[in-house]
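When reading the values below, keep in mind they use all heavy atoms of this one structure, side chains included, and skip hydrogens, waters and symmetry mates.
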Amino acid sequence: MKILAVADEIAKSYYDHYREGILRDIDLIISCGDLPRGYLEFLVTMARCPLIYVRGNHDDIYSKEPPAGCICIEDRIYEYQGVRFLGLGGSCRYRPDGINMYTEKQMKRRISRINRKIFLGRWRSSDRNKPPFDVLVTHAAARGLGDLDTPVHKGFACFPELMDRYHPGFMVHGHVHSNYSYRIPRISDYHGTRIINACGHVIFEIPERDC
């Protein structure tokens, strides 16, 4: 499966300088947040595939006007062509307001609810050895794995714990812009989970054997 992941910054090659057919071989588009509705609606209109998304800390408008034609995967597992995506959007809370900001405790509570859903789903599954999801889709980074030591851009400590428990093949996130520091990796590895920073855009593939 060939995936286009986008986040935080509009990729001009897919919008301002769009060329017909540039999205032809893309099987799925993932938005990791903080992008205008119009941009996502343009992508899903021009592509021949679904666009799934989580919300970023600047996406409060999505609660009233979600991007048309796109699929929100917040707090659930979405399956497409045999690949399962778990969505956990939002950033660490750095101010009192903000619909899509969470304390560490609040994010852990979200994950606890998902754990219960996963447990019930796997209980009914005939293949209990298969991970319940293949790709973790977030806006914020995981703590200590491509985040920054600032209130705005620090990652969630519960994300590495989630990966330790379920061992997904991939984690895709945004929020930490590549121009913030030369030390920010585009791709890294955490105990077998490939972590991808989707700021701007990145294309990656999930081999059939990883699904």
- Could Arg110 and Asp75 be called an ion pair, given the rule that one side-chain N must be under 4.0 Å from one carboxylate O? yes
Rounded to the nearest 0.5 Å, the CZ atom of Arg55 sits from the OG1 atom of Thr138 at a distance of 14.0 Å
For Tyr190, the side-chain hydrogen bond (donor to acceptor under 3.5 Å, both in side chains) test, sequence neighbours excluded, returns Asp164
Sequence neighbours excluded, the answer for salt bridge (charged side-chain N to carboxylate O under 4.0 Å, His left out) partners of Arg194 is none
Residues at least two apart in sequence or cross-chain that pass salt bridge (charged side-chain N to carboxylate O under 4.0 Å, His left out) with Arg37, listed by chain then number, are Glu41, Glu65
Original post:
Quick one: does Asp59's side chain have a donor or acceptor within less than 3.5 Å of a partner on Asp34's backbone?
Top reply: yes
| said: Looking only at side-chain N and O atoms, does Asn197 offer a donor or acceptor that is under 3.5 Å from a partner on Arg186? | reply: no
Asp189 meets the side-chain hydrogen bond (donor to acceptor under 3.5 Å, both in side chains) criterion, sequence neighbours left out, with none
Taking only Lys NZ, Arg NE, NH1 and NH2, and the carboxylate oxygens of Asp or Glu, determine whether Glu104 and Arg93 approach each other closer than 4.0 Å.
no
Under a side-chain separation threshold of 4.5 Å, the hydrophobic residues clustered together with Val152 are Tyr94, Met101
For Lys2, the salt bridge (charged side-chain N to carboxylate O under 4.0 Å, His left out) test, sequence neighbours excluded, returns Asp25
Side-chain donor-acceptor pair present, Asp8, His175, cut-off under 3.5 Å:
no
Quiz item: Distance only, no hydrogens: is a donor on one side chain within 3.5 Å (strictly under) of an acceptor on the other, for Asn100 and His139?
Solution: no
inquiry  = Could you tell me if Tyr166 and Asn115 have a donor-acceptor pair between their side chains, going purely by distance under 3.5 Å?
reply    = yes
